[in-house]
Amino acid sequence: MQIVVAGQGYVGLPLAVRAAEVGHRVVGYDVDAHRVQQLAAGQSYVRDVDSSRLRAVLDSGAYSATADAAALAGFDIAVITVPTPLRDGVPDLTYIESCARTLGERLRPGATVVLESTSYPGTTEELLLPILEEVSGLKGGVDFLAGFSPERIGNKRWSFDGTPKLVSGIDAKSLAVITGFYDDIFQTTVPVSGTKVAELAKLLENTFRFVNISMINELAMLAASLGVDVWEAIDAAATKPFGFTRFTPGPGVGGHCLPIDPMFLSWKAQQELGVPFRFAELAADVNRHMPDYVVRRLVEALNKRGMPVSGSRILLLGMTYKYNATDLRNSPSARVAELLIDLGAEVRGAEPNIPDDDTELSVPRVHATPDEVRAADAVVLLMDHPRFDLPMIEKCATYVLDCRNRLSGPNVETL
C-alpha cells in the first residue's frame, strides 16, 4: 500500500521505517526541511531507528522523506504523528488541524486516516473527522475510513514492534482496515470498541505513571525530613509479589508525554463536565516543584560545608528527561540549572547522549572527566546514564547529591 506518515519525529520515524521494512511504499512527511534533509541523507536522529536501517529502506525505494505536501497524493493510509503540546494548560491541536487539512485536500474515496497523536477523548471524532470531511467533501465511514491508534514507544525490554498496539476505528470497517495495517507491523494488536476508548486508554497509561511518580517524589521529601531512607523502604515494599508496582524518586518528570498527557484529560474534564481531575492536578503540582527541592537540598548541603551556593561550581550530570534518553524536551534538569544560575552558581552540564554540536543544552557543555568532577564544589547526578563512570565519580567528587540512588560513600547524599 501507499502509506503516508505525517510527522517524522520520535513516533513517526520508527513507524515509517518499520512500515517500509514490511513491504509498504512509505512517504515520510515533515514540515521541517532540515529534518527532511537529514532523513534523505540517511541520517537518523531518533534512537529507535539506526541510520543503517534508514539507509536500507531509502536504498530500496520503499521509503522517501519530503516536506512537499504534493507528494502525499494517492495515499491508501495516512497516519498522523504530529506533536500535541500544551500552551498555558490548554491543548494546542493546531498541528493536528493543519495536518488534517493537508491530508483532506488529497483524500480520495477508500483511503484511511489514522491519528496517533495523543489528545483528549473525542479528538478523532470531534476534531479530525469534521476537518477531513469539510476539506475533502467526502463522508467519513461512507467514502473514507478513520480511527485512532495511540503511539507507544518501546523501551530496552520491549521493542517498538513487540509492544502491543491499541487500534480503533470510527466504524467496524475502519477498525478492520486499521487492524490489518498494524497487524503487519506489530506482533500484537488490541482492537477496542471505539476511538474514545483508545484515546482514554493512552491517557490512562501515562496518568498512572505520572501520579505514581509524583506520589513517590512527595514521599521522598517526607522521608528525608523524617530521617528515613526512602530507597530502602522502596526496596522493602517491592518484595511483595503482588499489589505493588515499583516507582522511584527523581528530579521531576519531563519529555513529550508524562508532564503533558494527564493535563489533556484534566482540561477536557473541566471544559466539558465542569469538574477538576484532582489527582492529575495534584501530581502536576508535586512534580513542578521537584527541581526546587533538588536545589534546596543542594543549598543545604553546601551550607553545611560552609560554602554559599553563589559562586560555587556545580556539575550537573544527565540533562535529558529520563534515563538513557536522547531527548531534552521538558527536562527537569533544565529547571534545576536555571534555579542554580539564578542563585549565582557557576553551572556546567555533562550529557553524553546529546551530540557535542547540539546547542539545546541550557548550560555550558563539559564532559564528565576526572578533572571536571574534581573541580566541582558539588556534583548532582540527575540521570544515571550508562556512559557515566560512576566509580570514578564516587572517587573524585568532593560532594555528590545523587538523585538516582546509584552512588555510595561518605561524600554522597541521596535524594
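Worth saying up front: this structure is predicted, and the values here are computed from it rather than measured.
Summarising the geometry of Leu203 relative to Ser119, their closest heavy-atom pair is CD1-O, 3.6 Å, with the distance given to 0.1 Å. A pairwise comparison of heavy atoms in Val11 and Pro14 identifies O-CD, 3.4 Å as the closest pair. Shown here for Cys99 and Ala6, the closest heavy-atom pair between the two residues is SG-CB, 3.4 Å. The minimum heavy-atom distance between Ala283 and Val211, with the atom names listed, is CB-CA, 4.0 Å. In terms of heavy-atom proximity, Ala337 sits nearest to Met319 at CB-CE, 4.4 Å. The shortest non-hydrogen separation linking Ser174 to Gly169 is CB-CA, 4.0 Å.
No side-chain heavy atom of Val4 sits less than 4.5 Å from a side-chain heavy atom of Val79. Counting only heavy atoms from C-beta outward, the side chains of Pro370 and Arg374 approach each other to under 4.5 Å. Here the side chains of Leu72 and Val27 are in contact, with some heavy-atom distance below 4.5 Å. The closest side-chain heavy-atom distance from Leu339 to Pro291 is below 4.5 Å. Between Pro332 and Val253 there is no side-chain heavy-atom pair separated by less than 4.5 Å. Side-chain contact between Glu372 and His367: absent, with no pair of heavy atoms (C-beta onward) separated by less than 4.5 Å. Side-chain contact check for Val197 versus Thr195: every heavy-atom pair is 4.5 Å or farther apart. By the 4.5 Å heavy-atom criterion applied to side chains, Val400 and Glu413 are not counted as neighbours.
Among pairs with a residue in residues 55-80, those fulfilling side chain to side chain donor-acceptor pair (under 3.5 Å) read Gln8-Tyr63, Asp76-Arg108, at least two apart in sequence or across chains. Residues in residues 11-26 take part in these side chain to side chain donor-acceptor pair (under 3.5 Å) pairs, two or more places apart or across chains: Gln2-Arg25, Glu21-Arg53. Within the structure, salt bridge (charged side-chain N to carboxylate O under 4.0 Å, His left out) contacts touching residues 185-201 (residues at least two apart or in different chains) are Glu126-Lys196. Among residues at least two apart or in separate chains, ring pair (Phe, Tyr, Trp, His ring centres under 6.0 Å) pairs with a member in residues 375-415 are His385-Phe388. Within the structure, the ring pair (Phe, Tyr, Trp, His ring centres under 6.0 Å) test picks out the following pairs touching residues 90-121 (sequence neighbours left out): Tyr120-Trp267. Sorted by first and then second residue, the pairs that involve residues 275-295 and meet side chain to side chain donor-acceptor pair (under 3.5 Å), not counting sequence neighbours, are Ser214-Asn287, Asn217-Asn287, Ser266-Glu281, Tyr293-Arg297.
Checked against the 6.0 Å centroid threshold, Phe279 and Phe210 do not count as a close aromatic pair.
For Arg305, the salt bridge (Lys or Arg N to Asp or Glu O under 4.0 Å) criterion is met by no residue, not counting sequence neighbours. Qualifying salt bridge (Lys or Arg N to Asp or Glu O under 4.0 Å) partners for Asp171, counting only residues two or more places apart in sequence or in other chains: none. Residues passing the salt bridge (Lys or Arg N to Asp or Glu O under 4.0 Å) test with Arg387, sequence neighbours excluded: none. Legend: residues meeting side-chain hydrogen bond (donor to acceptor under 3.5 Å, both in side chains) with Arg157, ordered by chain and number and at least two apart, are absent. Take Arg87 and apply the salt bridge (Lys or Arg N to Asp or Glu O under 4.0 Å) test, not counting sequence neighbours, and it matches Asp92.
Side-chain contact of Gln43 with Ser51: a donor-acceptor pair under 3.5 Å is absent, judged by distance alone. Side-chain contact check for Thr189 and Asp183: at least one donor-acceptor pair (N or O, by modelled atom type) lies under 3.5 Å.
Around the CZ atom of Arg152, the shell of radius 6.0 Å holds more than 12 heavy atoms that belong to other residues, nucleotides or ligands. Residue Glu105 places its CD atom among more than 12 non-hydrogen atoms of other residues, nucleotides or ligands, all under 6.0 Å distant.
Rounding to the nearest 0.5 Å places OG of Ser312 at 5.0 Å from CG of Leu302. Note that the CD1 atom of Ile341 and the OG atom of Ser310 stand 12.5 Å from one another [nearest 0.5 Å]. Atoms CD1 and CD1, from Ile77 and Ile178 in turn, are 7.5 Å apart once rounded to the nearest 0.5 Å.
Judged by distance alone, the side chain of Asp161 and the main-chain N or O of Ile185 form no donor-acceptor pair under 3.5 Å. Under a 3.5 Å cut-off, the side chain of Asn324 and the backbone N or O of Pro386 do not form any donor-acceptor pair. The main-chain N or O of Pro150 is found under 3.5 Å from a side-chain atom of Lys165 such that the two form a donor-acceptor pair. At least one donor-acceptor pair closer than 3.5 Å links the side chain of Thr84 to the backbone N or O of Thr118. Side-chain atoms of Ser149 do not come within 3.5 Å of backbone N or O of Glu116 as any donor-acceptor pair. A donor-acceptor pair under 3.5 Å is absent between the side-chain atoms of Glu125 and the main chain of Ile170, judged by distance alone. Of the possible polar contacts, one joining the Arg404 side chain to the Pro249 backbone as a donor-acceptor pair under 3.5 Å is found. Side-chain N or O atoms of Arg106 include one that pairs as donor or acceptor with a backbone N or O of Thr102 at under 3.5 Å. Looking at Glu394, its side chain does come within 3.5 Å of a backbone N or O of Ser408 through a donor-acceptor pair. Here the side chain of Asp384 pairs no donor or acceptor atom with the backbone of Arg406 at under 3.5 angstrom.
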Report, one line per pair, each donor and acceptor closer than 3.5 Å where one atom sits in a side chain of residues 35-42; sequence neighbours left out.
residue	atom	partner	partner atom	Å
Arg35	NE	Tyr45	OH	3.3
Arg35	NH1	Asp30	OD2	3.3

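Taking a cutoff of 4.0 Å between a charged side-chain nitrogen and a carboxylate oxygen, Glu351 and Arg365 do not qualify as a salt bridge. Taking 4.0 Å as the cut-off between side-chain N and carboxylate O, Glu346 and Arg348 count as a salt-bridged pair.
Evaluated for a side chain to side chain contact (heavy atoms under 4.5 Å, CB included) with Pro251, the options Leu382, Val295, Val380 yield exactly one hit, Leu382. Under the ring pair (Phe, Tyr, Trp, His ring centres under 6.0 Å) rule, Phe186 has a single partner from Phe160, Phe181, Trp158, which is Phe160.
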